[in-house]
Amino acid sequence: DLVTVAAFVAWAGTVAAGLDAATLARALGRRPVTFVCGDADPFFPPEAHTAALTRLQGAQPATEVVRFAGAHLLDADTLGRVLAGLPVRE
């Protein structure tokens with residue numbers, strides 16, 4: 001069974017490789033998707049950004065991209081902006 005989510009955020013990575021495109025698209029539906037990455041992440045370099053973003057946009061074309069100056073970390077300012085933009089579910 002699929003888990004129902006209000007939104008999906010991929011931070012410094014992407015979804016599991018074993019998850020096929022159709023299942024990903026079905027799981028995301030029309031929910032907001034945000035792709036977040038640092039510009040100096042040694043574990044998730046810029047060339048990996050393109051492949052991950054292409055995969056997410058294939059499932060949800062309206063994927064929002066948020067980039068920040070930094071490495072493989074949860075940047076507090078960026079995290080605050082991303083969280084502020086997510087839908088709240090009661």
Partners meeting side chain to side chain contact (heavy atoms under 4.5 Å, CB included) with [X] (sequence neighbours left out):
X   : answer
R31 : T4, V5
P87 : A6, A7, P32
A40 : none

Option from E64, R81, Q60 for which side chain to side chain contact (heavy atoms under 4.5 Å, CB included) with T34 holds:
E64
Partners meeting side chain to side chain donor-acceptor pair (under 3.5 Å) with T78 (sequence neighbours left out)
D75
Across all chains, not counting sequence neighbours, the side chain to side chain donor-acceptor pair (under 3.5 Å) partners of D77 are none
If every non-hydrogen atom of [X] is compared with every non-hydrogen atom of [Y], which pair is closest and at what distance?
X   : Y   : result
R55 : L24 : O-CD2, 4.1 Å
T63 : L56 : OG1-O, 3.6 Å
H49 : F35 : O-CZ, 3.8 Å
T14 : A52 : CB-CB, 3.6 Å
A69 : D39 : CA-OD1, 3.3 Å
G13 : A10 : O-CB, 3.6 Å

Once the angle between the rings of F43 and H72 is folded into 0 to 90°, is it parallel (under 30°), tilted (30 to 60°) or perpendicular (over 60°)?
perpendicular
Rounded to the nearest 0.5 Å, the OG1 atom of T50 sits from the CD atom of Q57 at a distance of 10.0 Å
Hydrophobic cluster mates of V82, side-chain heavy atoms under 4.5 angstrom, ILVMFWY only, any path?
V9, W11, V36, V66, F68, L73, L74, L79, L83, L86
